[in-house]
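Below is one structure; the comments refer to it alone.
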Amino acid sequence: MSKILITSALPYINGVKHLGNLAGSMLPADVYARAMRLLGHEVLYICATDEHGTPAELAAQVEGEETAAYCNTMHEAQKSAGDKFKLSYDYFGRSSSLNNHKLTQHFANILEERGLIEERVSQQVYSNADGRFLPDRYVEGICPNCGFEKARGDQCDSCGKLLDPIDLIEPYSAVSGSKDVEIRDTNHLYLKQSSLSGDLLDWVNKAEGWPHLATSIAHKWLAEGLRDRSITRDLKWGIPVLNADGSAREGFEGKVFYVWFDAPIAYIAATQDWAEENGKDWKSWWRTDAGAEDTKYVQFMGKDNVAFHTLSFPTTILGSGEPWKLVDCLKAFNWVTWYGGKFSTSQKRGVFMDQALDIAPSDYWRWHLIANAPESSDTAFTWEEFQLSVNSDLANVLGNFVNRITKYACGKFEGKVPKGGKKTAAEEWLLKELNQRIPLLISFYEKREFRKAMSETRAIWAAGNEYLTQAAPWTHYKTDINQAAMGVRVGLNLVSLFGILAQPIIPDAASKILDAMNIPENNRSWNFGSSEVITKLIDALPFGHEINSPNVLFAKIEDNDVEIWAEKYKGND
RNA sequence: GGUGGGGUAGCUCAGCUGGUUAGAGCGCAGGACUCAUAAUCCUGAGGUCGUGAGUUCAAGUCUCACUCUCACUACCA
C-alpha cells in the first residue's frame, strides 16, 4: 500500500476535447487510478481545466461573452463530458482558481528573489484595430519564402519554413483581418531556465520507468541548450503579475502570467482546492517536508506536453528551493490520429467527447482507446478498428462468455451456484492460466503498459471460453449432473472474476456483471497476492448463491452503423 | 533546415542488455462443438523484420548512410 498522486495534462478550456486528448492523458490516467485503487493504494487523481491564454479570450469574444463567463460554461461542459466517460477524478479543478492565483504569484516572487527571473524587453506585434498584442501565430501575411498568402507568423503552412512575424509581407491580424498592425516594445518576465540545466539534466538522468519518448524529448531540449522563457503575456485574462506585498507591479498592469507557467502549478492549486472543499490535507501529497516524500507522483500527458513537464515546470519547482514534490513517473503518449491525419475542430474532422457518447457507450470507447493506446507511436483511429474491438473483444469474447454461462446456470440450475463434481484436467489447466496471467496483468498495470494490460485481460477472458469448451458442462449434463455442476460453478466464478478485473477499463459493464452476480461492493477489490488466493478464485462463490444473467452486455456495431458514422464524421477537407 | 518517435505477417502491434525453426490479436482457410450475441474452441497458411553497407562466430536487435511517415522546433496550448 502506498500513496500515489496522479495528474493528467490539463485539457485546454477552448471546447470539449477530442478522442485524441482523451486517449493520451485523461483516460489512461483514469484507468491507472482505478487499478491502483483496486490494489489498495491510496490514490489522489487530480485534473483541471487550463483556462488562460489568448485562445480562451478569442473564443469568448466569438461567443460574445466575458472570458470568465465563457470559462465557467466550458468548465462545466468538460466536467460533464468527463463524468460521462466515467473519469474518476478525485478533483476536477480550474487553473483560474484563487489558490492558483496565489500559488503562481508565490512561485514567481520566490523565483525572482532567488535570481531566476528577470525583466527583459522584447518586440511584439500589436494590432491597433483589435487593441491587443498578437501572439506570433495570430499574425498572418505573405510568406517571404514561398509567397503563400496565409502564412502564420511562426511558421508557413505551405513551405514549412519557420518565420518571425516581422518577416511577413503585408502582415495582418488573424483575429480581425486588420492590416493596422505594428511592432511595439513590451517588457516581460523571463524564467532563467538555462541556469538550472545542469540540475535538470541530473534529474532527468535519474528518471526510472519513463517511456523512451519522455526522456528523449527532455534530453533533446537539454542538448540543444535551454533558452530562457518568457513567462508573462500582454493579456487581460489570466493571473496578474504582482509584487511580493500584493501590490500591482509597475509596468505590468496590462499583463498576466503565461498559461504554461501557471497551468502546471494548478496541479498543486487544484489539490489545495480539493483539500479545502473536502477537509483534507494537501501538503502530504505535495510537500516533501509534510509527508509527500513517500508519495509516488505519476503524470500522464501527450508528447506535446513533455518539454513543459520535464523542463519549465521542474525549473519552477527546483528553482523555488522549497520542498515541493517532483514527478516520479512521467507517462507520455503519442497521438491518436484520425485516419492518419490530425483531428481538427475547424474542419470538423474527428470525434469529440460529447459526440462520442451519442454514438456508443463510454465503455466501448474506453476499451478501444486503451487497447490501442498510442504508447510507442501514433495510432490511427478508424471506424473499422473500433467496430472490430467492440464486436470481437467486448461482445464476442467477454459478453458472450458471461451470457452463455449465466443463461445456462439460470436455465439448468435455477440461477444458483451448484455444488458437486470433481476437479479434472480442465480446472488444472485453467488454474495454471490464471496463476500465470493475473500476476502478469497486475505488473502491466503497475508499469503503466496499457496495451499489454489490455491484451492480457483479453487473454484471460478467452481462457474462460476455452475452459468451457474443455469442461463442456452441457455434455456432462446428460450423464453426470454433478460434473456439469462443476463446469457451471467454475464458469460463474470466472464471470465474477472477469467483472472484477474489468473494472478499471469498462466500469459500467463491470458493475452490471458484478451486480448480476450479487457480488457486494466491498468485495470487488483486487487481492491476488498468492497462488493460493488465485486457486480459490474459481471456487469463491458459496453453494446456493443466487445469480442472474445480465443479458446482452454489449450490442454489436453493425456495418451499417460504420457507414453512417464514417459519412457523418468524414470532415470537410 | 534541425531534432525526436516510428517503419516487423493483409491490418493493428510485441520482440529486454545481439544467440536455436521471428511472436500475439484481428482477418483468411479447414475442422470441432451446440450452452451462448451465426457466438466459442482447435489446426493451418501468410514475413529475405524500410533500403544499402559495416562490426561480429552470430543482427529485427549495435554502427553508418539513405529513404518514407508522424511529431516537435520555445509567443497556440
Side-chain angles (χ1 to χ4, degrees), chain A residues 9-14 50 52-56 58 122 124-125 133-139 152-155 160-162 164-165 186 188 193 211-213 215-221 223-224 226-230 232-234 258-260 263 302-308 311-312 332 334-335 337 340-342 371-372 374-380 382 384-385 388-389 391-397 399-409 411-412 449 451-452 454-455 458-459 462 464-470 472-475 477 484 487-488 491 549 551-556:
Chain A
L10 307 187
Y12 194 67
I13 193 70
N14 185 17
D50 175 14
H52 299 137
T54 307
L58 295 179
S122 63
Q124 192 68 30
V125 175
F133 281 93
L134 297 172
D136 291 355
R137 74 160 42 199
Y138 286 92
V139 184
R152 293 194 317 260
D154 56 344
Q155 185 167 25
K161 192 175 167 58
L162 295 179
D164 200 294
T186 175
H188 283 293
Q193 44 184 19
H212 184 52
L213 179 67
T215 45
S216 66
I217 291 175
H219 277 126
K220 173 218 152 195
W221 283 64
E224 280 182 3
L226 287 184
R227 276 181 257 157
D228 297 338
R229 193 185 275 269
S230 155
T232 52
R233 291 290 181 277
D234 292 287
Y258 176 36
V259 277
W260 266 116
K303 57 186 168 186
D304 55 328
N305 280 321
V306 171
F308 295 101
L311 307 167
S312 39
N334 289 279
W335 298 118
T337 62
K342 275 193 171 181
N372 298 286
E375 284 180 303
S376 60
S377 61
D378 292 353
T379 301
T382 67
E384 293 75 14
E385 291 286 332
L388 210 60
S389 296
N391 290 358
S392 167
D393 300 341
L394 294 183
N396 294 349
V397 176
N400 180 56
F401 174 81
V402 170
N403 196 43
R404 68 194 289 209
I405 193 64
T406 53
K407 283 261 173 66
Y408 193 76
K412 306 285 192 195
E449 295 196 33
R451 275 176 181 258
K452 288 181 181 172
M454 295 313 106
S455 143
R458 205 201 103 97
N465 282 311
E466 188 175 346
Y467 167 76
L468 284 187
T469 300
Q470 289 184 34
W474 47 87
T475 305
Y477 191 82
V488 171
S549 174
N551 295 316
V552 172
L553 284 166
F554 305 100
K556 287 198 192 176

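Every chain is numbered from 1, with letters handed out A, B, ... down the list of sequences. Hydrogens, waters and symmetry mates play no part in the numbers below; they use all other heavy atoms, side chains included.
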Among B:A77, B:G5, B:A74, the one nearest A:Leu213 by side-chain distance: B:G5
Sugar-phosphate only, base, or nothing, as touched by A:Arg152 at under 4.0 Å among non-hydrogen atoms: nothing
Touch class at under 4.0 angstrom, heavy-atom based, for A:Phe133 against every strand present: nothing
Separation between the C1' atoms of B:C42 and B:C64, rounded to whole Å: 48 Å
Candidates B:U73, B:G25, B:C76 - which lies nearest the side chain of A:Arg458: B:G25
Which nucleotide in B:C11, B:A77, B:C72 has an atom nearest any side-chain atom of A:Pro55: B:A77
Nearest-angstrom distance, C1' atom, B:C49 to B:G7: 10 Å
side-chain N/O A:Arg233 vs B:C75 OP1/OP2, d < 4.0 Å: yes
Presence of A:His212 side-chain N/O under 4.0 Å of B:G5 phosphate oxygens OP1/OP2: yes
Touch class at under 4.0 angstrom, heavy-atom based, for A:Thr379 against every strand present: sugar-phosphate
Contact nearer the 5' end of RNA chain B, comparing A:Tyr258 with A:Gln155: A:Gln155
Under 3.5 Å on both distances, the Watson-Crick or G-U partner of B:A71: B:U3
G-U wobble or Watson-Crick pairing nucleotide for B:G23 (cut-off 3.5 Å, both distances): B:C13
Side-chain H-bond candidate by donor/acceptor type, A:Asp234 with A:Thr186, under 3.5 Å: yes
Shortest side-chain distance from A:Ser376, nucleotide among B:G5, B:C26, B:A14: B:A14
Any strand: nucleotide that pairs with B:A38 via Watson-Crick or wobble, under 3.5 Å: none
Strand partner of B:C28, provided both Watson-Crick or wobble distances fall under 3.5 Å: B:G44
Contact pattern, 5' to 3', of nucleotides 36-43 of chain B - B, S or - by protein heavy atom under 4.0 Å: BB-SSSS-
Sugar-phosphate, base or nothing in reach of A:Trp260, heavy atoms under 4.0 Å: base
Whether A:Trp260 and A:Phe308 hold their rings parallel, tilted or perpendicular, with breakpoints at 30° and 60°: parallel
Paired nucleotide for B:U55 [Watson-Crick or G-U wobble; both distances under 3.5 Å]: none
B:G2 OP1/OP2 closer than 4.0 Å to side-chain N/O of A:Lys220: no
B:G5: syn or anti, per glycosidic angle within 90° of 0: anti
